[in-house]
Structure formats: C-alpha cells, structure tokens
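Below: one structure, written as structure tokens.
Order of appearance sets the numbers: ligands from 1, and atoms from 1 within every ligand.
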Amino acid sequence: MAPQITGRVKPTKIKKQVRGQKRKRDDVDVEKLQEAVEQLDTKTKYESFNDLPLSEPTKAGLKSAAYSTLTDIQSKAIPLALKGSDILGAAKTGSGKTLAFLIPVLENLYRAQCTGPDAGLGAMIITPTRELAIQIFEVMRKVGGKGHLFAAGLVIGGKSLREEQDALTRMNIVVCTPGRILQHLSQTALFNVDNLRMLVLDEADRILDMGFQKDVDAIVDYLPTERQTMLFSATQTKRVSDLARLSLKEPEYVSVHEAAQSATPKTLQQNYVITPLPEKLDALWSFIQSAKKSKILVFLSSGKQVRFVYEAFRQMQPGIPLIHLHGRQKQTARLEITQKFSNAKYSCLFATDVVARGLDFPAVDWVVQVDCPEDADTYIHRVGRTARYERDGRAVIFLDPSEEEGMLTRLEQKKVPVEKINIRTNKKQSIKDQLQNMCFKDPQLKYLGQKAFASYVRSLHIQKDKEVFKLEKYPLEEFAASLGLPGAPRIKFLKADPEEIKRKKNASRQAAVSESEEEDDDEDEEADKTKNKKNGVRTKYDRMFERKNQDILADHYAKMVRHDDEKDDIDLNRLDGEQEADDDLFDVKRVIPADEGVPNFDISAKDAADAQAAGLKAVAIPGAKDPIILDSKRREKLLKSKKKLLKLKDKGSKIIYDDECNAHEIYELEDEADFRARGEAEAQRRKFLEEEAERVKMADISDKALAKEKKKAKREKKKERERAEAAGEDGVQLEGEEDGFENFKRDAAGLGYSDEEDSEVEEKPSKKQKKWFQEDGKRKDLHEEKEIETLGDLEAEAAKLLGS
Ligand code: ADP
Ligand code: MG
C-alpha cells in the first residue's frame with residue numbers, strides 16, 4: 001500500500017526546494033507502490049478502490065469524482081493491468097470500461113516515473129471518434145487532475161497540425177483518433193514514441209475493422225514492441241489475426257458478461273415495431289409527440305438523412321428541442337451539440353453512428369433506431385447509449401417487414417432480447433401531406449429530401465448483410481413520396497465492395513480532417529465538389545450534374561459512381577427489369593473507349609508499301625516495326641501526342657544473356673522432339689506454371705520486404721534531419737533542469753486552441769492561462785466549475801495535471 005504522505009509544503013518556499021522534496025516523497029511512494037502491486041492477488045475480487053495499491057493523486061482523483069466501489073470489469077481488469085498484462089477486456093455498454101484502462105495508465109506511468117518532457121510519450125489511447133476521445137480525456141482530467149504531473153493531450157484533428165505538433169512533443173499521455181495520430185507519427189519530427197509503454201484501444205473491434213485497418217497497422221509499426229497493450233469494447237474482437245496485428249503477448253481475456261443471458265444491460269428494455277419504410281417518418285413523428293418530456297437519441301443511417309429529418313421536423317415545431325449531429329459538421333459545432341445534449345433534460349438528438357459508440361450522455365431515456373443498423377454489434381452499441389451504469393433505459397427499433405426476420409435472427413445470435421410492440425392506432429399521425437406541402441414550397445428542403453433519399457438507398461445498397469437488407473424489397477417510390485418528394489430521384493450506382501467503400505469513406509474523412517487546417521471541411525458542399533474535381537478535368541457533364549434543383553442529384557453523382565471499369569449497374573427505376581434508352585445518364589466518364597483515337601493502326605509492312613505507292617505519307621516510328629500511314633490530318637496530329645504514340649509502338653521485350661554472352665528471349669521455343677521426350681505436354685505446362693508462380697511469389701516477398709525497409713530508413717533519415725534542424729532552430733527548451741521544467745510547465749499551459757492560425761500562442765501563453773498556475777488551490781477548484789467550451793479550454797485544463 002502507498003505510504004501516508006504528510007501535508008504539502010507551503011508555496012511560500014522557493015519552488016526548487018518544493019520540487020526537490022516532492023520528488024523524494026515520490027520516490028518512496030513509488031517503491032512501496034511497486035512492492036504492493038507485485039504482491040497483488042489477481043484472483044481476489046476487489047470491491048473498493050481503497051483496497052488497491054493506487055497512488056495518492058489517483059486516490060484523490062477517484063474520491064473527488066465520487067467513485068468508490070469498482071464495477072465488475074474494473075475489479076477484474078485493473079489488478080491484471082497494474083501488473084503489466086496485456087488485456088482483452090469485454091463488458092457490456094455502460095459498465096465502466098473507461099476507468100478500467102485509465103487507472104492502470106495513470107498508475108503504471110506514475111510508478112515508472114514517466115512524467116515531464118524528458119520522459120516522452122508513455123501511453124497512447126486510440127478511439128474511433130473525436131467525441132469519444134474528448135470524453136475519455138475529460139474522465140482522465142477528472143481522476144488524474146488531483147496531483148499527477150503528467151502532461152496529457154488530445155490529438156484528434158480539427159485544429160492546425162502545427163499547434164498539435166508543438167504540444168505532442170511534450171505529452172506523456174495522448175488520447176487520439178487513428179488518422180490524425182498517424183499523420184503526426186509520419187510528419188512530426190520531434191514526436192518520439194520510443195519510450196511508449198502502453199497502448200490502449202477503446203472500442204477495439206471498431207478500430208481494428210476495415211475502416212481503420214491500414215491506419216492502425218501503420219501506427220503499430222512505429223511503436224516499440226515491448227509495451228503493454230489493452231483492448232476494450234462491449235463487442236470484443238477475438239480474431240487471432242487481429243491480436244497478432246497488435247502483437248499481444250499472452251493476453252488476459254477479461255470478459256465479465258460472457259455467461260450473461262443478454263449482451264445488453266439488464267436495465268434496458270428493448271422493443272421493435274414493424275414499420276414499412278414509407279411510414280417511418282410518421283412513426284417517428286408520432287413517437288416524438290408522445291415522448292416530449294424525455295431525452296431521446298434517434299439514429300439514422302446517414303448525415304443527409306439526419307439533416308433532412310432535422311430540418312423538416314424543426315419546421316413542424318414538435319414541441320421538444322431538436323438538435324442534430326453527424327460527421328460532416330465542424331468540430332466546434334460537434335462539441336457544442338454533444339454538450340448541449342449531455343446537459344439537456346428534454347431533447348431529441350438526430351444522429352448518425354458517430355455517436356453510436358462509447359459516448360456517455362447522462363440520463364438518455366430513449367434510443368430510437370429509425371434505420372436498421374448494419375449489424376447486431378452496431379445495434380448493441382447504439383442502444384448502449386441508454387441504461388448506463390445501473391440506470392434504466394428504453395430502446396425501440398423500426399423494422400421494415402423485409403428486415404424483420406433477418407435482423408431478429410442476427411440479434412438472437414448475439415443474445416439481444418427484443419420484443420415486438422405496436423404503435424397505438426389512436427396515437428398514429430401522418431405527416432406525409434405536410435411534408436409534401438413543405439417540399440413543394442421550399443426547394444431547399446426538397447433538395448435535402450432528395451439527397452436523403454439517395455443516401456439512404458445507397459446505404460441499403462452497400463450493406464454487407466444481404467439477408468437483412470434486400471434492396472429490391474423496399475417500396476422506394478412510396479418512400480420518396482413519404483419524404484414529400486414528387487417522385488423517386490433517379491439513382492444509378494455501380495456495384496462496389498462495401499468494405500472498400502467504408503475504407504474509402506474513412507480515408508476521405510481523415511483527408512478532410514487533415515485538410516481542415518485552413519479551410520473548413522464540413523457542411524460546405526461547394527468545397528466538396530471542388531475537392532472532387534481537383535483530381536480531374538471538369539467536363540461539361542460534370543458541370544451539368546452540379547446544377548442544382550433538378551431531379552438528378554448532382555453532388556451524389558460523384559460519390560455514387562465509381563470511376564472504374566466495373567459495369568455492373570443497378571438502376572433503381574429499372575429494378576423491375578424495364579430497359580431505358582437513356583440509361584447512360586450517369587455513366588459519362590467512360591463512354592469513350594480509351595483507344596478510340598487510334599483506329600486502324602494495325603497495318604502490315606505490305607500495306608505500308610502499298611500506301612506509299614498510292615502517294616500517301618508513311619512515317620517510321622522508333623520502337624515500332626511498321627511505319628504509320630498518314631492518310632488524314634487527324635492522324636498527323638496524333639504524332640504529336642507521346643501518349644498516343646506509345647500505343648503504336650511494339651511492346652518492349654526483355655532479353656537475357658547466357659554465359660557466353662549470347663542474347664536470348666526470356667522464353668524460347670526448344671526443339672520439339674526434346675520437349676516431347678520429357679513427357680506429357682499438359683503436365684509439363686502445369687509444372688512450369690507452378691514453378692514460375694513460386695518464383696514470382698518469392699520475388700514478391702523479398703521485393704516487399706526491401707521496399708518496406710527502404711521506406712523505413714527514409715522515414716528515419718527524414719525525421720533525424722528534421723530533429724537536427726529543430727534542435728538547431730530553437731535550441732530545445734532545456735538549459736538547466738529546473739528552467740527546463742519551468743518552460744515545460746509554461747508551454748503546456750499554453751496548449752490552448754485558437755481558431756486563428758497563431759503560432760505565437762505557445763511562446764506567449766495568454767494571461768488567463770498563466771493565471772491558473774498562479775492561483776492557489778481554492779481558486780483552482782472554482783475554475784473547475786467553468787464550462788468547457790472549446791477544445792482549447794479542454795486541453796488547457798489538462799495543464800492542471802501538471803501543477804495541482
Ligand atoms: P463503458 O465504457 O463500459 O461503456 P463508461 O466507462 O463510459 O462505460 O462508464 C459508464 C458510466 O459509469 C459513466 O458515467 C461512469 O462515470 C460510470 N462509472 C464507471 N465506473 C464507475 C464506478 N466505479 N462507480 C460509479 N460509477 C462508475
Ligand atoms: Mg467505453
């Protein structure tokens with residue numbers, strides 16, 4: 001157990017002395033703690049935080065946040081994690097997984113004395129969304145802000161790379177999203193992760209799935225292999241391949257609810273209502289009307305759906321505050337909205353799956369899933385936003401009749417108990433006419449409706465589970481009418497691998513985030529379009545599609561049509577098999593065959609001679625066996641295009657030399673008799689192919705390894721160079737130890753986030769920020785009640801971890 005620490009030295013003493021004494025106390029503290037942790041019995045079921053060998057600052061933090069008894073997952077995972085084991089933690093939503101990893105992070109780094117700028121980054125906590133990162137950061141601030149000396153920060157994008165870079169180099173603990181941290185790992189020279197001891201993946205299964213796969217693999221590549229790795233989720237991955245990717249060492253499976261009857265909290269009541277797609281909005285409206293005195297979270301399948309439903313319902317004045325959230329909003333707006341919803345007593349939030357995982361909104365009464373989730377895991381996470389930590393909650397999902405059987409089977413497989421209910425007929429209200437009226441009068445709303453329709457249909461199309469989502473079964477015409485649209489917009493899209501789309505979507509989001517330094521990445525559709533156009537020439541078709549207020553969805557065109565050679569088209573208007581003459585409408589980019597400009601060039605030498613005899617010009621092209629006949633002006637022009645000429649040249653051939661320096665083609669025909677003497681032609685062919693395939697495979701492996709090595713070396717070299725430059729530039733902070741520490745504290749205090757590009761911020765912390773450190777304990781507590789409004793506020797608050 002930790003030794004009792006006597007009262008603090010008064011701040012009237014000079015700082016140097018204070019710090020020296022504190023360090024001595026810490027040393028004793030750490031040794032005793034280490035001993036106690038080693039003696040910790042991982043079989044015992046600890047009930048109170050006081051029974052665990054925790055440092056004084058952590059104990060103080062837990063006490064001030066009023067956490068006293070451990071939840072199941074905490075009591076199983078924390079002792080193992082304190083001892084340094086790799087952990088695979090699975091426990092239901094709302095069961096306290098955050099503390100199960102945060103306490104070991106704080107404690108293990110504390111015992112390793114991983115504090116201050118010299119210690120470098122000790123722990124990295126990765127989460128799938130910015131909101132979740134912010135939430136984890138806040139919990140860490142709460143339990144770690146009572147005397148720990150770590151510098152902690154958030155790296156989630158939404159502000160300039162440069163600002164983050166400066167802060168990152170001083171952090172001991174970082175909470176981050178995968179895309180952004182990877183960007184820093186590859187670009188920030190002074191960001192050193194060589195001392196990293198702990199890696200935590202919250203919502204691990206999500207982070208390891210296709211959407212983030214590449215990023216996570218690349219991140220792990222940078223990290224030292226000697227580290228503690230912890231994975232937490234309500235729906236945990238058990239795939240061996242995933243665990244291998246993270247090089248987990250004999251991980252402890254801590255699964256507290258595996259034997260439970262249901263995968264969802266006991267206090268959660270779950271129901272489903274059969275609602276044909278065209279009646280979903282009626283049902284939602286009726287539901288909201290009957291639950292005005294509650295806090296409701298409504299899930300829809302896409303941001304466009306969210307916007308339309310929000311706008312439409314808002315105009316209809318539902319009598320309950322409405323808010324909406326999706327991934328394409330600005331970061332500041334997103335933060336504001338989550339806070340608003342957290343603080344609200346009665347409110348209805350329309351959202352996409354960005355809020356499906358991990359978020360701990362207090363006291364949500366209802367989770368309503370208007371659109372069916374992609375799988376049972378997503379269902380579990382969505383409903384997990386209510387009934388958290390022993391509270392009650394209710395969830396209802398609207399299922400189209402075609403989805404009922406498939407989805408219920410999926411839920412049953414995952415041990416999710418849902419019961420069917422009906423909406424009372426006298427409570428049912430139809431809003432179809434009203435919506436039609438509104439869309440008729442308001443082209444903007446109609447436009448949103450068209451986009452919502454398209455994105456919904458697209459989401460159905462890319463769903464992986466075809467036993468649940470059968471596109472042809474949905475009454476789409478009626479659905480369009482139910483949104484108030486005069487007819488179903490024509491949508492045509494090409495078949496694509498849903499995983500691929502998911503991956504691309506994540507990639508483009510992250511790109512948007514990284515581009516957001518100067519420009520705003522979000523709801524700005526014009527920007528979206530120009531971004532799409534950056535890579536190519538705008539054709540008149542593109543301009544045509546960008547025109548608004550037509551039935552064709554301009555913006556969607558670019559996103560729906562994959563510009564590749566797949567020709568596996570689906571046209572919604574032709575699902576019944578009817579053919580249309582103008583079905584090329586969305587298929588413009590590929591109508592011209594690539595080699596249309598070079599017709600009839602396969603002429604023989606004889607033809608050439610004939611042509612010459614006929615008085616036409618023939619031109620010899622280097623690299624081509626036969627001359628080219630120029631029988632028209634157009635063909636003459638061709639000669640000026642290098643690219644087109646390439647097509648006229650003969651294919652190159654590779655030559656190898658034997659020991660006598662004679663040139664041979666790679667494959668030469670041998671004497672037929674010899675060949676036959678060696679056996680069956682077919683058998684020989686097969687054997688040859690096998691051998692060659694093996695040879696190519698081996699060559700591929702060694703090529704890849706070589707390329708990887710080169711890339712790594714290059715990266716290292718670049719970082720080394722930049723490091724040297726940076727060291728020369730600002731001499732790094734540390735002159736004497738004490739001064740360095742002072743600098744560190746001051747700089748960390750200035751981690752504030754400013755919306756403008758302001759590189760001065762770090763050097764000159766604002767007066768307000770400086771003040772926090774000059775205030776005494778009492779004032780600090782007062783400050784704690786100040787509302788956090790921006791990311792900057794939050795991060796600046798983290799500086800408190802340093803000095804309190
Ligand atoms: P999970 O990650 O498992 O979904 P969280 O870590 O978000 O759950 O915790 C859910 C809620 O439970 C939070 O509001 C948190 O404050 C609360 N909580 C966690 N641990 C405890 C505890 N030991 N005592 C009381 N409340 C707790
Ligand atoms: Mg969680």
Side-chain angles (χ1 to χ4, degrees), residues 45-52 54 58-59 61-79 81 87-106 125-145 175 177 200-207 230-237 254-258 260 263-268 295 297 338-339 341-343 353-364 367 377-393 395:
K45 188 170 176 344
Y46 295 92
E47 300 214 331
S48 160
F49 286 113
N50 287 328
D51 300 338
L52 291 171
L54 302 178
T58 301
K59 278 187 179 170
L62 288 169
K63 193 169 167 206
S64 85
Y67 294 126
S68 56
T69 46
L70 289 104
T71 65
D72 281 354
I73 181 76
Q74 290 161 3
S75 99
K76 284 201 180 169
I78 293 176
I87 304 263
L88 264 173
K92 291 181 190 181
T93 51
S95 59
K97 294 184 287 291
T98 317
L99 284 183
F101 61 78
L102 277 186
I103 292 176
V105 163
L106 291 169
I125 300 169
I126 306 181
T127 83
T129 62
R130 294 170 170 187
E131 280 72 19
L132 185 53
I134 293 171
Q135 181 181 299
I136 293 172
F137 187 75
E138 283 193 79
V139 179
M140 181 159 67
R141 204 165 56 81
K142 215 160 63 172
V143 295
V175 186
T177 48
V200 179
L201 270 55
D202 192 21
E203 303 297 341
D205 55 331
R206 172 77 185 98
I207 293 182
M230 299 196 273
L231 273 57
F232 281 87
S233 182
T235 48
Q236 188 62 278
T237 177
V254 185
S255 173
V256 292
H257 299 122
E258 208 163 42
T264 43
K266 264 192 253 153
T267 48
L268 173 67
K295 190 154 159 178
L297 175 52
T338 40
Q339 267 161 9
F341 191 60
S342 288
N343 299 334
D353 282 328
V354 282
V355 301
R357 276 180 178 261
L359 295 191
D360 190 44
F361 298 117
V364 174
V367 168
D377 281 355
T378 307
Y379 174 98
I380 292 171
H381 288 282
R382 283 177 171 186
V383 298
R385 295 320 99 212
T386 181
R388 297 180 69 71
Y389 190 67
E390 298 175 353
R391 279 190 74 105
D392 289 339

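At a threshold of 4.5 Å between non-hydrogen side-chain atoms, the residues Phe232 and Ile87 count as touching. Residues Pro79 and Tyr46 form a side-chain contact, since some pair of their non-hydrogen atoms from C-beta on lies under 4.5 Å apart.
Ranking the protein heavy atoms by distance from atom 24 (N) of ligand 1 puts Tyr389 OH, 3.2 Å first. The protein atom (non-hydrogen) at minimum distance from atom 27 (C) of ligand 1 is Tyr67 CE2, 3.5 Å. In this structure, the protein non-hydrogen atom closest to atom 20 (N) of ligand 1 is Gln74 NE2, 2.8 Å. With respect to atom 4 (O) of ligand 1, the closest heavy atom belonging to the protein is Gly94 N, 2.7 Å. When hydrogens are left out, the protein atom nearest atom 13 (C) of ligand 1 is Asp360 OD2, 3.0 Å; that is the closest non-hydrogen contact. The protein heavy-atom contact nearest to atom 5 (P) of ligand 1 is Thr98 OG1, 3.5 Å. Considering only non-hydrogen protein atoms, atom 7 (O) of ligand 1 sits nearest to Arg388 NH2, 2.9 Å. Nearest protein neighbour of atom 3 (O) of ligand 1, counting heavy atoms only, is Lys97 NZ, 2.8 Å.
Lys45 has a carboxylate O that lies under 4.0 Å from a charged side-chain N of Asp72, or vice versa, which qualifies the two as a salt bridge. Under 4.0 Å is where a charged nitrogen must lie from a carboxylate oxygen, and between Asp202 and Lys97 no such pair does.
In this model, a donor atom of one side chain and an acceptor atom of the other lie less than 3.5 Å apart for Ser233 and Asp205. Side chain to side chain, Thr93 and His381 fail the donor-acceptor criterion of an N or O pair below 3.5 Å.
For Glu390, there are no side chain to side chain donor-acceptor pair (under 3.5 Å) partners at least two apart in sequence or on another chain.
One finds the CG atom of Leu70 at 9.0 Å from the CG atom of Leu99 (value rounded to the nearest 0.5 Å). Going from atom CG of Leu297 over to atom OG1 of Thr386 covers 9.0 Å, rounded to the nearest 0.5 Å.
For Phe49, the closest heavy-atom approach to ligand 1 falls below 4.0 Å. Residue-ligand proximity: Ala91 is placed with every non-hydrogen atom at 4.0 Å or more from ligand 1.
Under a 4.0 Å criterion applied to the non-hydrogen atoms of Lys92, ligand 1 contributes the atoms 3 (O). Taking every non-hydrogen atom of Thr93 and a distance limit under 4.0 Å, the qualifying atoms of ligand 1 come out as 4 (O).
For the pair Ser68 and ligand 1, the shortest N or O to N or O distance does not fall below 3.5 Å. Residue Gly96 has at least one nitrogen or oxygen atom sitting less than 3.5 Å from a nitrogen or oxygen atom of ligand 1, judged on distance alone. Below 3.5 Å of separation, one finds an N or O of Thr69 facing an N or O of ligand 1. In terms of polar-atom proximity, Gly358 is not counted as a contact of ligand 1, lacking any N or O under 3.5 Å from an N or O of the ligand.
Cation-pi contact between Lys295 and Phe341: present, with separation from the ring centre below 6.0 Å and deviation from the ring axis of at most 45°.
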